[in-house]
K.L.:
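Attaching a single structure in structure tokens format; questions to follow.
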Amino acid sequence: MRADNGAYLRTLSAVELARAIREGRTTSRAAVDAYIEAIERVNGALNAVVEDRFVVARLEADAADAARANGQPNGPLHGVPCTIKECFGLEGMPQTSGLVSRIGTRATEDAVAVKRLRGAGAIPLGVTNVSELCMWMETHNRVYGRTNNPYDPSRIVGGSSGGEGSIIGAGASPFGLGSDVGGSVRMPAFFNGVFGHKPSGGLVPNTGQFPIAQTPQSLRYLTTGPLARSAEDLHVLLRVLAGDSDRLGDPDQVDLAGLRVLDVRSDGVTPVSRDLQQAQARAAAHLHKRGADVVEVMIPGLRDGLEIWSAMLGAENPVAYGRMLAEGDGEVRASELLRWAFGRSPHTLPSLGLVVAESVLHRLTGRADEMIRRGEALRTELAERIGDGVMLYPSYASVAPRHLQPLLPPTRWVYTALLNVMEMPATQVPLGLDPRGLPLGVQVCGRHGNDHVTLAVAAELERAFGGWVRPRPGKLGP
């Protein structure tokens with residue numbers, strides 16, 4: 001019997017849904033229709049999907065079903081719908097990255113990561129919202145507006161892959177594609193109660209997104225990675241995105257018995273809320289019960305995390321942020337704040353704040369050089385201390401803040417940002433909901449190249465704590 005009930009299909013992981021389609025227990029068209037119905041129901045309140053391709057997606061689903069009937073299923077994601085962050089090239093779809101000056105810009109070809117997903121059988125339903133130029137944790141821009149959290153619409157979804165986090169957290173997309181240079185996969189995954197993986201630096205190609213990193217080293221700091229409701233999907237998606245790289249290990253071969261786990265509750269500078277610390281403690285205790293060697297530690301070098309990230313990333317980006325905002329037409333300067341105050345600027349306040357911050361950092365070259373040296377030393381220290389184990393580390397300083405709150409103070413995302421310049425893999429894992437119904441979570445970090453270890457621990461924590469939890473009745477989940 002075919003399981004074509006839309007509500008049922010939306011409970012399946014991407015891996016389970018692909019299997020059901022291949023085995024003839026449902027169809028790609030039924031899956032695509034189920035998720036289109038869900039998007040149409042919730043997106044008016046979320047503003048997560050900013051342009052759809054439903055008509056084409058249905059045609060692609062019919063083609064996938066015909067191929068399956070002819071004994072030619074296409075890849076591990078055959079016929080499974082998904083969503084794509086708007087900064088990635090998806091042929092025929094907008095690619096503004098939230099810049100007013102890029103309105104009307106459409107992709108003429110797929111980004112490499114998008115091409116790999118489609119080549120594995122995935123069917124994109126549309127593109128999702130981003131922060132302006134993908135450089136802030138509040139997904140809001142002058143092109144598409146603001147995106148809302150499915151667990152509480154008054155709260156942020158994170159950035160810059162916030163549209164992805166929102167629509168997946170609402171249960172209206174099984175998985176999506178994001179990018180991450182300071183937490184842009186992991187924060188949206190955390191705030192919206194789903195899984196997200198920032199791969200080891202250099203594992204997945206970044207080609208075909210805008211903006212793009214400017215040097216070979218910064219292309220290792222910028223990472224392309226998946227968001228999904230299920231931990232089991234992450235490994236399949238990562239293999240597809242990495243091109244079935246032989247650098248990827250097998251999560252099923254990771255033995256938790258004796259696994260080294262560093263339980264790091266804070267960087268020593270940015271306080272973490274009690275509910276998140278308690279959730280992380282529960283995760284550590286569970287891993288200990290499973291035989292892992294868990295040690296709670298403080299690592300002094302983490303105190304410099306914000307300056308290390310700023311210095312190391314800044315050294316690899318010769319084009320000023322203000323020039324990138326101007327899109328080849330001069331440079332946006334701090335004086336643009338005056339136009340913003342009178343409602344005449346095409347830019348958002350956080351974006352202009354980054355212009356000001358960059359101008360200040362440029363005056364601290366000597367300090368930056370010292371932070372780069374400390375960052376290189378910290379990278380070596382973390383690799384040695386973690387070994388073939390993992391580090392549990394906060395995802396953010398609190399659960400999802402209300403809209404605009406991240407501006408005061410604007411640096412609480414340091415917990416994700418530092419790991420980009422460390423080039424470490426990090427998997428964001430949901431750990432249930434707090435009493436207000438807001439998602440809790442933790443990052444599981446590993447040594448460069450040990451993505452399969454963080455994914456294995458994520459799968460174990462999903463078994464223990466339930467993973468994604470549908471938003472409570474009365475919220476926005478379908």
Side-chain angles (χ1 to χ4, degrees), residues 7-17 19 38 42 149-152 155 157-158 164-176 185-197 226-237 251-252 254 256 259 261 263 273-292 294 390 392-396 398-400 426-444 454-478:
Y8 169 73
L9 293 180
R10 292 193 297 268
T11 68
L12 302 179
S13 69
V15 169
E16 292 169 334
L17 186 54
R19 185 182 304 120
V42 303
N149 192 301
Y151 292 86
D152 181 345
R155 295 178 185 268
V157 296
E164 284 301 312
S166 176
I167 203 68
I168 297 168
S173 176
F175 74 90
V185 163
R186 290 158 291 152
M187 278 192 292
F190 165 53
F191 291 143
N192 296 280
V194 299
F195 293 87
H197 184 71
L227 298 87
R229 295 199 312 265
S230 171
E232 75 168 334
D233 291 341
L234 294 181
H235 183 240
V236 172
L237 292 168
D252 291 337
V254 175
L256 291 179
L259 185 75
V261 176
D263 181 16
S273 64
R274 179 176 296 180
D275 52 357
L276 287 180
Q277 290 205 32
Q278 291 174 340
Q280 182 168 327
R282 290 193 293 271
H286 173 75
L287 295 175
H288 175 70
K289 289 179 182 177
R290 294 283 284 111
V294 180
V390 298
L392 302 183
Y393 200 47
S395 307
Y396 188 68
S398 70
V399 295
T427 307
Q428 164 57 42
V429 180
L431 294 175
L433 306 179
D434 76 358
R436 294 167 293 181
L438 300 174
L440 302 168
V442 69
Q443 291 185 94
V444 180
T454 70
L455 294 176
V457 173
E460 176 58 34
L461 293 177
E462 180 182 37
R463 285 188 286 270
F465 297 98
W468 172 72
V469 179
R470 189 180 301 278
R472 289 178 177 173
K475 301 298 182 182
L476 299 174

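Being a predicted model, the structure only gives us computed values, none of them experimental.
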K.L.:
Measuring only between side-chain heavy atoms, which start at C-beta, is W468 closer than 4.5 Å to R470?
P.N.:
yes
K.L.:
Find out whether L455 and P251 are in side-chain contact, i.e. whether some heavy atom of one side chain is under 4.5 Å from a heavy atom of the other.
P.N.:
yes
K.L.:
Side-chain donor-acceptor pairs under 3.5 Å in residues 167-175, sequence neighbours left out?
P.N.:
from : atom 1 : to   : atom 2 : distance (Å)
S173 : OG     : T83  : OG1    : 2.9
S173 : OG     : F175 : O      : 3.0

K.L.:
For a quick test of reading the model, state the closest non-hydrogen atom pair linking A292 to V261 and the distance between them.
P.N.:
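So the minimum-distance heavy-atom pair works out to CB-CG2, 3.8 Å.
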K.L.:
Let's go through L440 and F465 carefully: what are the C-alpha distance in whole Å and the side-chain angles of both, what is the deciding distance for side chain to side chain contact (heavy atoms under 4.5 Å, CB included) to 0.1 Å, and is it a yes or a no?
P.N.:
CA-CA 11 Å; L440 302 168; F465 297 98; over 6 Å; no
K.L.:
Write down the atom of P430, the atom of G467, and the distance for their closest heavy-atom approach.
P.N.:
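The pair with the smallest heavy-atom distance is CG-C, 3.8 Å.
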K.L.:
About how many Å separate CG of D434 and OH of Y151, when rounded to the nearest 0.5 Å?
P.N.:
11.5 Å
K.L.:
Excluding sequence neighbours, so at least two apart, what forms side chain to side chain donor-acceptor pair (under 3.5 Å) with D263?
P.N.:
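Partners of D263 under the side chain to side chain donor-acceptor pair (under 3.5 Å) test: R265, Q280.
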K.L.:
To the nearest 0.5 Å, tell me how far L227 CG sits from R186 CZ.
P.N.:
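Answer rounded to 0.5 Å: 11.0 Å.
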K.L.:
Taking only residues two or more places apart in sequence or in another chain, which ones pass salt bridge (Lys or Arg N to Asp or Glu O under 4.0 Å) with R155?
P.N.:
D152
K.L.:
Could I get the full list of ring pair (Phe, Tyr, Trp, His ring centres under 6.0 Å) partners for F191, not counting sequence neighbours?
P.N.:
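Y396.
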K.L.:
Once rounded to the nearest 0.5 Å, what's the spacing between atom OG1 of T454 and atom CG of L392?
P.N.:
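Reported value, rounded in 0.5 Å steps: 11.0 Å.
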K.L.:
For P226, which residues count as a side chain to side chain contact (heavy atoms under 4.5 Å, CB included) partner, sequence neighbours excluded?
P.N.:
H197, L234, L237, L241
K.L.:
Which heavy atom of A458 sits nearest a heavy atom of V429, and at what distance?
P.N.:
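Of all heavy-atom pairs spanning A458 and V429, the closest is CB-CG2, 3.6 Å.
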K.L.:
Can you tell me how far the CZ atom of F195 sits from the CD atom of Q428, to the nearest 0.5 Å?
P.N.:
9.0 Å
K.L.:
Which heavy atom of P471 sits nearest to which heavy atom of P150, and what is that distance?
P.N.:
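Minimum heavy-atom contact is CB-O, 3.7 Å.
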K.L.:
Compare all side-chain heavy atoms of V469 with those of P439 and state whether any distance is below 4.5 angstrom.
P.N.:
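No; the side chains remain at least 4.5 Å from each other.
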K.L.:
Test of understanding: with side chain to side chain donor-acceptor pair (under 3.5 Å), list the residues that count as partners of T11, not counting sequence neighbours.
P.N.:
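Applying side chain to side chain donor-acceptor pair (under 3.5 Å) to T11 gives none.
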K.L.:
Taking all heavy atoms of P188 and all of G158, pick out the closest pair and write down the distance.
P.N.:
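The pair with the smallest heavy-atom distance is CG-C, 3.9 Å.
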K.L.:
Using 0.5 Å steps for rounding, measure from the CG atom of L431 to the CZ atom of F190.
P.N.:
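If I round to the nearest 0.5 Å, the distance is 9.0 Å.
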K.L.:
Considering residues at least two apart in sequence or located in another chain, which fulfil the side chain to side chain contact (heavy atoms under 4.5 Å, CB included) criterion with E460?
P.N.:
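Counting only residues at least two positions away or on another chain, E460 forms a side chain to side chain contact (heavy atoms under 4.5 Å, CB included) with L256, H286, L287, R290, R463.
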K.L.:
Hey, what do you get for NE2 (H235) to OG (S230), rounding to the nearest 0.5 Å?
P.N.:
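One finds 13.5 Å between NE2 of H235 and OG of S230.
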K.L.:
Run the side chain to side chain contact (heavy atoms under 4.5 Å, CB included) test against E16 and tell me which residues pass, sequence neighbours left out.
P.N.:
L12, S13, R19, E232
K.L.:
Of all the heavy-atom pairs spanning A228 and V194, show the shortest one and how long it is.
P.N.:
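In terms of heavy atoms, the two residues are closest at O-CB, 3.4 Å.
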